[in-house]
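Please read these numbers as outputs of a predicted model, since none were measured by experiment.
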Amino acid sequence: MIDVYDAEALIKIYRMLRKRCEALDRFIENHAYYFSTSSEELGSLDVCNNIIDLMTRKNQLINLKLIIDRAISTLSENDKKILYIKMNYTISMAEICGIFNLKERTAFRRIEKAFENLSLALNSSKYINKLEKIIDSEDWITNIRREVKDRRMSYRTSPLMA
């Protein structure tokens, strides 16, 4: 099940997907070039299997992007705007307040609500099982999920929140 922490992590991950896919493309190309069928280190079958594995991984990342896109498309315009800004820019809360002409607490609640709504949209998607499988298969995604959750949990347990 995707919670609010996961929704925030997925928006952070979304920002990285294009670069990850491009890196996989370069790696596939280099792998094919350097370990061609004349290579003595790897046989042609091993090279083909490695390339297929890398292409499968890239396909999963593309599917992840499409699943997130589809979930976002079901959200309200305000939620879409906030998530778009969070996906494409690394800006401060003060800048977000300026863009939406909101006080900081209101902006925080609106961002939190957008993450909640994204979480609901993803959980009600027919692709939820595929999404969870993709997330679980990528260590870097698991690490980002953990970082987001740890950061947000530390806010809740900080002395300032008591």
For M1, the rest of its hydrophobic cluster, which grows through side-chain links under 4.5 angstrom: none
Report whether L122 and I62 are members of the same hydrophobic cluster (ILVMFWY, side-chain heavy atoms less than 4.5 Å apart, transitive linking). no
Roughly how far, to the nearest 0.5 Å, is the CD1 atom of I28 from the CD1 atom of I51? 7.5 Å
Would you call Q60 and K130 a side-chain contact if the rule is heavy atoms closer than 4.5 Å? no
What about I68 and L66, same hydrophobic cluster or not, with Ile/Leu/Val/Met/Phe/Trp/Tyr joined at side-chain heavy-atom distances under 4.5 Å? no
Please give me the minimum heavy-atom distance between T74 and A71, naming the atom from each residue. OG1-O, 2.6 Å
Please list, chain by chain and in numerical order, all residues satisfying salt bridge (Lys or Arg N to Asp or Glu O under 4.0 Å) with E29, sequence neighbours excluded. none
N59: partners by side chain to side chain contact (heavy atoms under 4.5 Å, CB included), with sequence neighbours left out: N63
I'd like to check I135 versus I2 (side-chain heavy atoms, cut-off strictly below 4.5 Å). Are they in contact? yes
Sequence-distant partners of I91, side chain to side chain contact (heavy atoms under 4.5 Å, CB included), two or more places apart: I85, Y89, E95, I96, I99
If I take atom CG from residue L64 and atom CD1 from residue I13, how far apart are they, to the nearest 0.5 angstrom? 7.0 Å
Those residues at least two apart in sequence (or on a different chain) that pass salt bridge (Lys or Arg N to Asp or Glu O under 4.0 Å) with E116 are K113
Which residues satisfy the side chain to side chain contact (heavy atoms under 4.5 Å, CB included) test with R20, sequence neighbours excluded? L61, W140
I'd like to know if L118 and L120 are part of one continuous hydrophobic network [Ile/Leu/Val/Met/Phe/Trp/Tyr, side-chain heavy atoms within less than 4.5 Å]. no
Of D6, D3, D150, the residue whose pairing with R145 passes salt bridge (Lys or Arg N to Asp or Glu O under 4.0 Å): D6
Would K86 and Y14 count as a side chain to side chain contact (heavy atoms under 4.5 Å, CB included) here? Give the steps. CA-CA 10 Å; K86 295 294 273 179; Y14 187 97; over 6 Å; no
Residue set satisfying side chain to side chain contact (heavy atoms under 4.5 Å, CB included) with D25, at least two apart, ordered chain then number -> K58
Would you say that C97 contacts K103 through its side chain, given a criterion of any heavy-atom pair below 4.5 Å between the two side chains? no
I'd like to know if the side chain of S119 reaches the main chain of A7, judged simply by a donor and an acceptor atom lying under 3.5 Å from each other, with no hydrogens or angles considered. no
Residues which pass side-chain hydrogen bond (donor to acceptor under 3.5 Å, both in side chains) with T142, listed by chain and number, not counting sequence neighbours: none
Would you indicate whether the side-chain heavy atoms of S76 and D79 approach each other to under 4.5 Å? yes
Hydrophobic cluster membership, L75 vs I82, 4.5 Å side-chain cutoff: yes
Are R151 and E8 close enough for a salt bridge, meaning some N to O gap below 4.0 Å? yes
L10 and I144: CA distance, side-chain angles, deciding distance, side chain to side chain contact (heavy atoms under 4.5 Å, CB included) verdict: CA-CA 9 Å; L10 286 171; I144 291 172; over 6 Å; no
Return the CZ to CG distance between R57 and D53, rounded to the nearest 0.5 Å. 10.5 Å
Can you list the residues that meet the salt bridge (Lys or Arg N to Asp or Glu O under 4.0 Å) rule with K12, with sequence neighbours excluded? none
I want to check something: taking the side chain as every heavy atom from C-beta on, are M153 and Y5 in contact at a cut-off of under 4.5 Å? yes
Scan residues 60-69 for pairs that pass salt bridge (charged side-chain N to carboxylate O under 4.0 Å, His left out), counting only residues two or more places apart or in two chains. K65-D69
Rounded to the nearest 0.5 Å, what's the gap from CD1 on I11 to CD1 on I111? Could you check? 11.5 Å
Side chain to side chain contact (heavy atoms under 4.5 Å, CB included) for M55 and L24? Distances and angles first, verdict last. CA-CA 8 Å; M55 291 173 72; L24 281 169; over 6 Å; no
Grouping I, L, V, M, F, W and Y whenever their side-chain heavy atoms are under 4.5 Å apart, do V148 and M93 come out in a common cluster? yes
Crowding at CZ, F27 (>12 non-hydrogen neighbours, <6.0 Å): no
Check the pair E112, R152 against salt bridge (Lys or Arg N to Asp or Glu O under 4.0 Å), reporting the backbone distance first and the verdict last. CA-CA 11 Å; E112 190 69 10; R152 291 190 56 166; 2.5 Å; yes
More than 12 non-hydrogen atoms from neighbouring residues, nucleotides or ligands closer than 6.0 Å to NZ on K80, yes or no? yes
Looking at residues at least two apart in the chain, or sitting in another chain, which of them share a salt bridge (Lys or Arg N to Asp or Glu O under 4.0 Å) with R18? E22
How would you list, by chain and number, every residue that makes a side-chain hydrogen bond (donor to acceptor under 3.5 Å, both in side chains) with Y127, sequence neighbours excluded? R70
